[in-house]
Structures are given as C-alpha cells and as structure tokens.
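Here is the structure we will look at, set down as structure tokens.
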Amino acid sequence: MIKLSGIRKSFGRHEVLQGIDLTVNKGEVVAILGPSGSGKTTLLRCINYLEKPSDGEIRIGDFSLDVRHAGKKDIYALRQRSAMVFQQYNLFSHKTALENVIEGLIVVKKVGKEEARKRGIELLEKVGLGAKLDAYPSQLSGGQQQRVGIARALALEPEVILFDEPTSALDPELVGEVLAVIRRIAKEGITMIIVTHEMGFAQDVANHVVFMDGGVIVEEGDPAELFGNPKEERTKQFLKRFTSEYSYSI
Amino acid sequence: MEYGFDINYVFDFIPKLLSTLNITLLIVAGAIGLGLIIGFLVALPRLYNVPVLRNVSMVYVSFFRGTPILIQLFLFYYGLPEILKLVSVDISKVPVIYFVILTFGLNVAAYVSETIRAAVQAVNRGQVEAAYAVGMTGYQAFTRIVLPQAVAIAIPVFANLVIAMLKDTSLAFTLGVMEMTGKAQTLGSLSQHFIETYIALALIYLVMSIALERLMLAAERRLSRHLRRDSNEKNRFFTRKRKRLTLGRLTGELKLDNKEVPRYEA
C-alpha cells in the first residue's frame with residue numbers, strides 16, 4: 001500500500017503541490033490526469049524523491065519516510081521500493097538493452113550476474129524484445145526504448161511502478177505497443193501509478209482515477225464514475241475536450 | 001668547415017635523438033598522469049557547485065590557460081624554491097625534470113578539468129535520474145552511468161591535449177633538460193648541421209603524433225560504439241574499409257569522426 005499524506009512542494013514562491021493526500025492499495029492501477037502545470041508529474045517525482053517535497057509523509061509498503069527528517073539512507077531505501085518509467089525513456093545510452101534491464105539488479109540488489117542475465121532476458125522477452133538483447137538504445141525505436149524502460153522497472157520487483165507520461169514522446173503509431181505492454185502487466189497485479197494524457201487508456205486500465213489541477217486533487221474515484229459523471233465543475237470542463245474520444249465505451 | 005646540406009645527417013641523427021626519447025616520454029606520461037588526477041579534482045568543485053572551492057578552481061584554470069606555458073615553467077623553476085625557502089624547505093637539489101613534470105602536469109590539469117566539466121555536463125541529466133530511480137547512490141550513478149559516457153565524449157579533446165603536450169615538451173630544453181629538443185641543440189652545435197638536426201627532430205615528433213592520434217582514434221571508436229546506429233558487424237567492416245582509404249589523411253579522418261559522434265539530446 002502506498003500512502004501519501006500532506007505532500008507539499010514549492011519551486012521558489014510558487015507552491016506546485018498544496019498538500020496532497022493519496023492512498024493506493026496493493027495491486028491497484030491509479031491514473032493521474034490533469035492539465036499541464038497541475039503538478040501531477042511533480043507529485044509522481046516526489047514519490048521516489050527525484051523531487052524533494054517541502055513537507056509531508058510518504059509510505060510505501062512497510063517503509064515510511066517523513067520529509068522533514070529524511071536522511072540519505074532513507075531516500076535510497078524509499079527509492080528501492082519503487083521504479084520509474086520516464087517520458088523520455090532515459091535509458092543508459094552506453095549500455096545494451098539487456099544491460100539496462102539488469103544494471104539495477106547487479107548494482108543495487110546485488111544479484112549475481114548469471115541470475116540477473118536470466119531474469120533480464122525473461123523480462124525483455126515479456127515486453128517483446130527478446131531479439132534485441134544486445135542492441136544499444138540508439139539502435140531502437142522510441143516504442144522499443146520505452147519497452148526496455150518498462151522491463152528495467154519490472155526487473156527491480158518494486159512495490160509500485162511510477163509511469164510519467166510514458167507515451168507522450170512517442171509518435172502515434174508506437175503508442176499502441178507500449179500501452180499494450182502496460183495493460184498486460186497491469187493484469188498481473190502490479191501496483192502502478194500512471195500520469196497520462198491517454199484518457200481512453202486511463203479509463204480502460206485504471207481502477208482508480210485522480211484528477212489534479214492547481215496543485216490539489218480536485219476529484220478522485222472510480223473511472224466509470226469520474227469519466228461518466230464528474231462532480232466538480234473543473235473536472236467536467238477538463239473532460240469535455242475528451243468526450244468524443246471515450247463516449248463510445250461508456 | 002664549409003656548410004653543405006647532407007641528407008645522411010638526418011638519418012644519422014634520428015637514432016641519436018631517439019636515445020633521449022625516454023626523457024620526452026617520461027615528461028608526457030608524468031604530466032598527463034598528474035594532469036588527469038589534479039584535473040579531476042579541480043573539476044569536482046565546479047561540477048558540484050561547492051561555494052569557495054569553485055572560485056579557487058576558476059582562478060586556477062584561468063591562470064594556467066591564460067599564461068604561456070614557457071612563463072609557467074620559469075615561474076615554477078625559479079619561483080617555487082624561493083617560496084619553499086620561506087618555510088625552510090630546500091628543493092634546490094631536486095632535478096629539473098621534476099619541475100618540468102610538475103608544471104606541465106598542472107597546466108594539463110587546467111585543460112583536463114574543463115574537458116571533464118564539459119563532458120559530464122553533456123551527459124543527459126535524465127539518465128542520472130533513471131539511475132537514482134533504480135536505487136543507485138550518487139557515487140554509483142556517477143561512476144557507472146555518467147563517467148563512462150563522459151570519457152567517450154572527452155576523448156577527442158583529450159587526444160588533442162596529449163599531442164599538444166608531446167610537442168610542448170620541447171620547451172623543457174630551455175631549463176636545460178636533455179630531452180629530444182635539447183639533444184638536437186647539442187647535435188646541431190657540434191656538427192653545425194642545424195637544418196638536418198631539426199628535420200630529424202620534426203620527423204620524430206610527427207611520427208609520434210600520428211601514432212598517438214591513431215591510438216586515441218581507436219579508443220574513441222571503442223568507447224563510443226553505443227552511439228552508432230548501424231549494427232556491430234557492419235560497422236566493423238565499414239571501419240576497416242575506411243581506415244585503408246584514408247591512411248595518411250589523418251586530419252581529414254578525425255574531422256569525419258567528430259561529425260559522427262552526435263551530442264546527447266537535451
């Protein structure tokens with residue numbers, strides 16, 4: 001279970017997150033929606049401390065961290081409990097696909113090389129890249145790179161995988177293959193928090209949808225409920241633009 | 001004795017000059033070794049934005065890049081013993097070559113630190129975040145992710161540095177070090193065949209520079225193989241073929257290669 005309490009974050013005088021409380025149950029897939037600048041990506045980056053929150057408490061599983069007294073060790077411990085998939089993939093460009101996947105296993109989890117390799121190959125096959133083990137990121141398409149990124153996150157067996165707009169940098173033809181992979185692992189019961197602009201996908205895959213704006217959670221709930229019958233005016237306004245996209249599936 | 005140009009002197013002088021090659025190489029190796037270590041240390045405060053040390057680094061780099069290396073040699077050779085005398089350390093018996101290596105090393109360090117700084121900053125910041133997200137410590141992220149890529153980026157600049165250093169060793173003779181240029185002076189004076197001596201000398205420097213260039217090029221190819229878009233096998237064939245084509249046109253080839261190494265995306 002992931003529990004965020006009172007997360008605040010300011011950039012200079014601008015308060016990007018104004019006290020966020022969010023609970024994600026084990027095995028749940030949570031989609032965070034919202035306009036640009038609403039703080040959704042910042043929130044995601046606060047969960048694994050890529051962004052240092054100004055205040056609040058983060059709990060992942062049995063590990064809890066109070067932002068006000070977080071030391072380096074706590075931060076490393078927190079990060080080991082999550083994994084992240086980035087908008088720009090951020091693969092290690094001097095390492096092959098397989099090396100990218102097993103890097104964390106070898107360096108952080110101290111898994112033996114042979115075992116890590118075996119696990120890495122398994123995972124790359126799972127995301128459909130069994131034939132690209134030794135390819136460098138520069139030799140892969142965006143969609144393939146992102147699938148390596150997902151395999152890299154899976155390898156760590158984290159309690160939660162954080163997806164930061166995983167398809168925003170892809171051209172439309174490649175979005176499908178990445179979403180298909182995410183959809184498949186969602187079915188395996190891995191806890192996920194996904195920041196996305198793919199409304200249809202969010203509605204389809206998520207168990208819980210959060211709508212953010214202006215640094216606060218405006219509304220959250222069941223996807224059918226939030227998409228079909230939003231309560232807040234701001235949510236209605238935001239979703240209106242996407243109505244045509246999802247109306248067929250209601 | 002009447003002077004007449006005689007090519008045989010050139011061939012005659014080459015082995016004689018080569019007998020002092022070890023001194024030249026010692027200076028190069030010592031200076032580069034020292035320069036790498038100090039340069040790395042000088043680069044750190046600026047990479048991590050350490051308040052006071054950052055300014056010390058900047059002054060250091062400005063001094064060594066902004067003054068002629070010959071003046072630096074004189075300053076260290078004549079000045080350092082005087083300063084150390086004030087704290088009762090006598091280094092007047094220390095062989096000249098140590099002063100030369102120290103000065104060149106400090107000089108190289110200034111350039112190395114700038115090279116490292118630029119190269120590290122050229123590595124995509126997102127990869128560092130990915131390393132953190134995987135759970136790596138700052139040290140692990142630096143040594144495993146940033147450094148290998150920074151080294152690959154820095155190699156072409158570093159190659160220039162080493163070659164420049166090789167040629168700058170010729171300044172050591174002004175302090176009386178018997179390296180190749182010093183030896184050439186002596187040979188010239190003795191035989192009065194200055195032109196032949198300097199032709200021989202220039203040839204040796206040229207051959208050594210080319211050898212170094214080749215070596216660095218090989219290192220660059222190996223370290224930046226991940227930036228190639230084509231597959232490894234095809235690439236190996238391509239490299240071999242092109243090597244043959246451009247043998248003897250080294251500078252042209254180097255330019256081609258620089259173009260081949262794309263910068264990381266912002």
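Source: prediction; values computed, not measured. Side-chain atoms are counted along with the backbone in the values below, which use heavy atoms only and exclude waters and symmetry mates. Just so it is clear: chains get the letters A, B, ... in the order the sequence lines come, proteins before strands, and each one is counted from 1.
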Part of B:E129 within contact of chain A (heavy atom distance under 4.5 Å):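 Looking at B:E129, backbone and side chain both touch chain A.
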Region of B:R125 that comes under 4.5 Å of a non-hydrogen atom in chain A: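 Contact with chain A is absent: no heavy atom of B:R125 under 4.5 Å.
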Between [X] and [Y], is there a side-chain N and carboxylate O pair less than 4.0 Å apart?
| X | Y | result |
| --- | --- | --- |
| A:R81 | A:D62 | yes |
| A:K9 | A:E15 | no |
| A:K109 | A:E157 | no |

Report which part of [X] has an atom under 4.5 Å of a heavy atom belonging to chain B: side chain, backbone, both, or neither.
| X | value |
| --- | --- |
| A:F92 | both |
| A:R45 | side chain |
| A:L105 | neither |

Identified salt bridge (Lys or Arg N to Asp or Glu O under 4.0 Å) counterpart of A:E122 within the set A:R119, A:K118, A:K126: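 When A:R119, A:K118, A:K126 are each tested with A:E122, the salt bridge (Lys or Arg N to Asp or Glu O under 4.0 Å) holds only for A:R119.
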Residue selection (most heavy-atom pairs with chain B, distance under 4.5 Å) from A:R152, A:E103, A:K95: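 Result: the option with the highest number of such pairs is A:E103.
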Ring-face cation contact, A:Y136 with B:R225, 6.0 Å cut, 45° max: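 The answer is no, since B:R225 fails at least one limit relative to A:Y136.
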